[in-house]
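Convention: sequence-line order gives letters A, B, ...; per-chain numbering from 1. None of the values given here were measured: they were computed from a predicted structure.
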Amino acid sequence: MPLRVYNTLSRQKEDFQTVEPGKVSMYLCGPTVYKPAHIGHMVGPVIFDTIKRYLTYSGYKVTWVVNITDVDDKLINRANERKMTVEALAQEMTQDYFDNLKTMAVAIGADGIDHTPYATQHIQEMQDIIATLIEKGFAYPLSGDVYFNCTKDEDYGKLSGRSLTDMLAGTRIETHGGKQHPADFALWKGSKPGEPAWPSPWGPGRPGWHIECSAMAKKILGDSIDIHGGGLDLMFPHHENELAQSESCTGKPFARYWMHNGLMQASGAPGKVGGGHDKHGDKPADLTAVKEAQEANKLAGSKGAASVKELFAKHDPETIRFFLLATHYRSPIDFSDERIAETGKSLEGFYRLFETYERAAGQSFYTLKPATIRGNNPALSEEGDALVTELSTLRQRYLDSMDDDFNTGGAVGVLFDLRKTLNAFIGDHKLDTAAADKSKLPALTAGMTLLKELASILGVFREAKAKAASADDGLLDGLMQLVIQIRADARKNKNFAVADLIRNKLNELKVTLEDRTDQTLWRRG
RNA sequence: GGCUCCGUAGCCAAGUGGCUAAGGCAACGGAUUGCAAAUCCGUCAUCGUCGGUUCGACUCCGACCGGAGCCUCCA
């Protein structure tokens with residue numbers, strides 16, 4: 001089955017064909033760095049990181065760009081509030097963003113985001129595009145600003161499915177004095193005193209919001225890119241305008257596939273995590289009230305939108321990543337601590353399996369070296385155990401899911417099936433006991449290696465978790481072994497009252513004991 | 001008002017014009033265990049409502065109900 005990708009432009013899944021065979025250029029709209037990232041900001045990067053991993057696994061050479069918007073009204077206002085420069089604020093928040101990406105297993109570099117261009121470092125490229133647009137008649141200067149002329153762009157609105165007449169009918173667009181059409185948007189904004197400004201042929205000013213992406217995508221990836229991504233909220237006006245100005249400038253298709261991820265929603269609180277939410281539409285007369293309500297909501301802050309760093313204090317980042325990938329990327333995700341905790345529970349079985357495997361095989365799951373390229377997996381093509389056949393089937397199901405518009409939710413389901421299969425195999429052959437049928441170990445390792453392969457594509461189970469108690473010098477485990485020994489003696493003497501007392505008291509201390517046939521294991525939680 | 005999208009079991013969630021509608025969490029029954037834990041096996045849905053198209057629809061079309069997003073420089 002060929003890879004198929006849902007394209008917002010056509011509103012359907014299309015066979016994936018790149019501009020250049022074997023290569024994929026990918027541009028994801030990054031954050032405006034004016035405040036700490038919240039969970040919603042992680043959705044796009046995690047999904048596109050997974051997409052890059054899968055495309056790479058499928059044999060493509062992928063170049064991925066995520067831009068940093070480091071000049072904008074919100075930055076200016078925020079910097080003023082905090083009495084710091086826009087540069088300093090941007091630097092601080094960019095670092096926060098990068099730190100969070102790293103924690104979420106999204107790398108900066110060849111294994112992840114290849115380029116992170118900054119808007120302020122591409123002013124010249126933006127001005128070049130603006131100049132070209134003016135020259136071609138797609139844009140016009142107006143008292144220090146420059147506007148894109150939407151009516152000159154024949155297919156304006158094709159991405160979001162809007163027409164200029166619809167937009168007029170909506171009357172939601174405030175007409176700025178002098179603009180030729182209400183939908184015309186700023187390419188260049190003349191600066192007010194005290195604002196960041198760059199010299200330009202149209203006077204000192206700063207770029208409009210959309211132009212930076214056009215400029216940076218063009219510079220780094222070329223006139224036509226393969227995939228352009230971002231949150232669903234960016235489809236209009238941001239991506240629509242970006243597309244319009246880019247194609248008007250170059251005369252070439254800007255992006256083959258537009259991919260939009262669904263937004264994170266705080267559970268119980270309608271609306272997206274990051275901002276206010278208001279219903280409107282029925283009462284256009286109530287504009288003022290609506291606006292006031294919006295402001296109030298903005299001040300109230302982001303309900304349910306703890307910063308990512310606060311979230312990491314409560315939940316394992318791997319759990320959060322898994323949580324994000326368990327749902328299809330185009331669906332909205334309902335976010336709550338309960339949901340993530342539930343995901344955490346569902347992952348425990350994997351960690352147990354890894355421990356079991358280590359006991360059985362004498363090597364860590366994390367040291368297994370899985371195939372990194374799709375193709376026939378030699379370990380699975382050998383005639384052998386019935387397990388091997390089953391593994392091949394599961395692997396194919398996984399690939400079919402991912403080929404279908406990166407259906408990570410379906411792929412996650414296969415991971416759980418694989419877990420069950422391997423646990424059953426271990427049980428059938430008593431592989432975690434002294435009575436193990438050692439001849440079955442290679443088949444088990446093949447299965448575990450496959451699990452590693454499939455999980456790696458999702459960016460999970462790649463590395464062992466850092467030991468929580470790094471300060472512990474082994475005392476804790478020593479004490480536990482002592483307690484376990486004492487309890488084992490009690491059990492041997494059928495003194496179950498003592499044995500159960502020990503176990504119950506340990507439970508109260510959040511320590512779980514597991515009596516296996518030949519030993520007793522303990523773990524926290 | 002305009003433009004999109006969604007509605008699958010107690011909860012989360014994948015998927016399909018026709019064989020048994022993935023998987024997870026929870027619950028229940030069983031195997032295992034001294035009892036537990038962990039693991040395995042099993043039980044648990046006719047797919048918002050009403051029409052239409054079709055030999056046949058949960059899957060296509062329409063209406064309605066319910067929910068979400070955008071039209072406001074939020075990823």
Salt bridge check, [Y] against [X]: does any charged N sit closer than 4.0 Å to a carboxylate O?
X      : Y      : result
A:D155 : A:K158 : yes
A:D403 : A:R4   : no
A:E348 : A:R352 : yes

Name all residues meeting the salt bridge (Lys or Arg N to Asp or Glu O under 4.0 Å) criterion together with [X]; count only those two or more places apart in sequence or in a different chain, and write none if there are none.
X      : result
A:E240 : none
A:D184 : none
A:D489 : none
A:E355 : none

To the side chain of A:F496, which of B:G34, B:A75, B:C5 is closest?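 For A:F496, the side-chain atoms sit closest to B:G34.
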
If you check every side-chain atom of A:R162, which of B:G24, B:A75, B:C3 has the closest atom?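 Output: B:C3.
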
In whole angstroms, how far is the [atom2] atom of [N] from the [atom1] atom of [X]?
X      : N     : atom1 : atom2 : answer
A:L263 : B:A68 : CG    : P     : 13 Å
A:F350 : B:C25 : CZ    : C1'   : 14 Å
A:D405 : B:C5  : CG    : P     : 14 Å
A:H38  : B:A75 : NE2   : P     : 7 Å
A:N261 : B:A68 : CG    : C1'   : 15 Å

Interatomic distance at [atom1], [N] relative to [M], whole Å:
N     : M     : atom1 : result
B:C44 : B:A57 : P     : 24 Å
B:U16 : B:C47 : C1'   : 11 Å
B:G29 : B:G48 : P     : 32 Å
B:U33 : B:U39 : C1'   : 12 Å
B:C58 : B:G52 : C1'   : 16 Å
B:C60 : B:G15 : P     : 13 Å
B:A13 : B:G23 : C1'   : 8 Å
B:C25 : B:C19 : P     : 28 Å

Can you tell me the base-pairing partner of [N]? Count Watson-Crick or G-U wobble geometry only, both distances below 3.5 Å, and say none if there is no partner.
N     : answer
B:C35 : none
B:G66 : B:C6
B:G42 : B:C28
B:C60 : B:G52
B:A22 : none
B:G1  : B:C71

Any base atoms under 4.0 Å from [X], or only sugar-phosphate, or nothing? Heavy atoms, all strands.
X      : answer
A:G30  : sugar-phosphate
A:G413 : base
A:G161 : sugar-phosphate
A:T32  : sugar-phosphate

Between A:V414 and A:Y6, which is nearer to the 5' end of RNA chain B once each is assigned its nearest nucleotide?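 Comparing both residues, the 5'-ward one is A:Y6.
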
Go nucleotide by nucleotide along RNA chain B from the 5' end; which of A:A499 and A:R330 gets its closest nucleotide reached first?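 Its nearest nucleotide being more 5', the pick is A:R330.
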
Quick one: list whatever passes ring-ring contact (aromatic ring centres under 6.0 Å, His included) with A:F350, sequence neighbours left out.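 A:F350: ring-ring contact (aromatic ring centres under 6.0 Å, His included) contacts with A:F416, A:F461.
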
A:F148: what forms a ring-ring contact (aromatic ring centres under 6.0 Å, His included) with it, not counting sequence neighbours?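 For A:F148, the residues satisfying ring-ring contact (aromatic ring centres under 6.0 Å, His included) (neighbours in sequence not counted) are A:F185.
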
Would you verify whether the NZ or CZ of A:R162 falls within 45 degrees of the ring axis of A:F236 while also being under 6.0 Å from that six-membered ring's centre?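 Geometry flag: set, cation within 6.0 Å and 45°.
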
Contacts under 3.5 Å, N or O only, protein and nucleotides 12-14 of chain B:
| residue | atom | partner | partner atom | Å |
| --- | --- | --- | --- | --- |
| B:A14 | OP1 | A:H328 | N | 3.0 |
| B:A14 | O3' | A:N407 | OD1 | 3.3 |
| B:A14 | O3' | A:N407 | ND2 | 2.8 |
| B:A14 | O2' | A:N407 | ND2 | 3.3 |

For A:E195, check side chain to side chain contact (heavy atoms under 4.5 Å, CB included) against everything at least two apart and list the hits.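 For A:E195, the residues satisfying side chain to side chain contact (heavy atoms under 4.5 Å, CB included) (neighbours in sequence not counted) are A:I76, A:S191, A:K192, A:R206.
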
Quick one: which protein N/O atoms are closer than 3.5 Å to N/O atoms of nucleotides 35-39 of chain B? Pair and distance per line, please.
| residue | atom | partner | partner atom | Å |
| --- | --- | --- | --- | --- |
| B:C35 | O2 | A:R503 | NH2 | 2.4 |
| B:C35 | N3 | A:R503 | NH1 | 2.9 |
| B:C35 | N3 | A:R503 | NH2 | 3.1 |
| B:C35 | N4 | A:D515 | OD2 | 3.3 |
| B:A36 | N6 | A:D515 | O | 2.6 |
| B:A36 | N1 | A:D515 | N | 2.8 |
| B:A36 | N3 | A:R503 | NH1 | 2.9 |
| B:A37 | O2' | A:R523 | NH2 | 3.4 |
| B:U39 | O3' | A:N423 | ND2 | 3.3 |

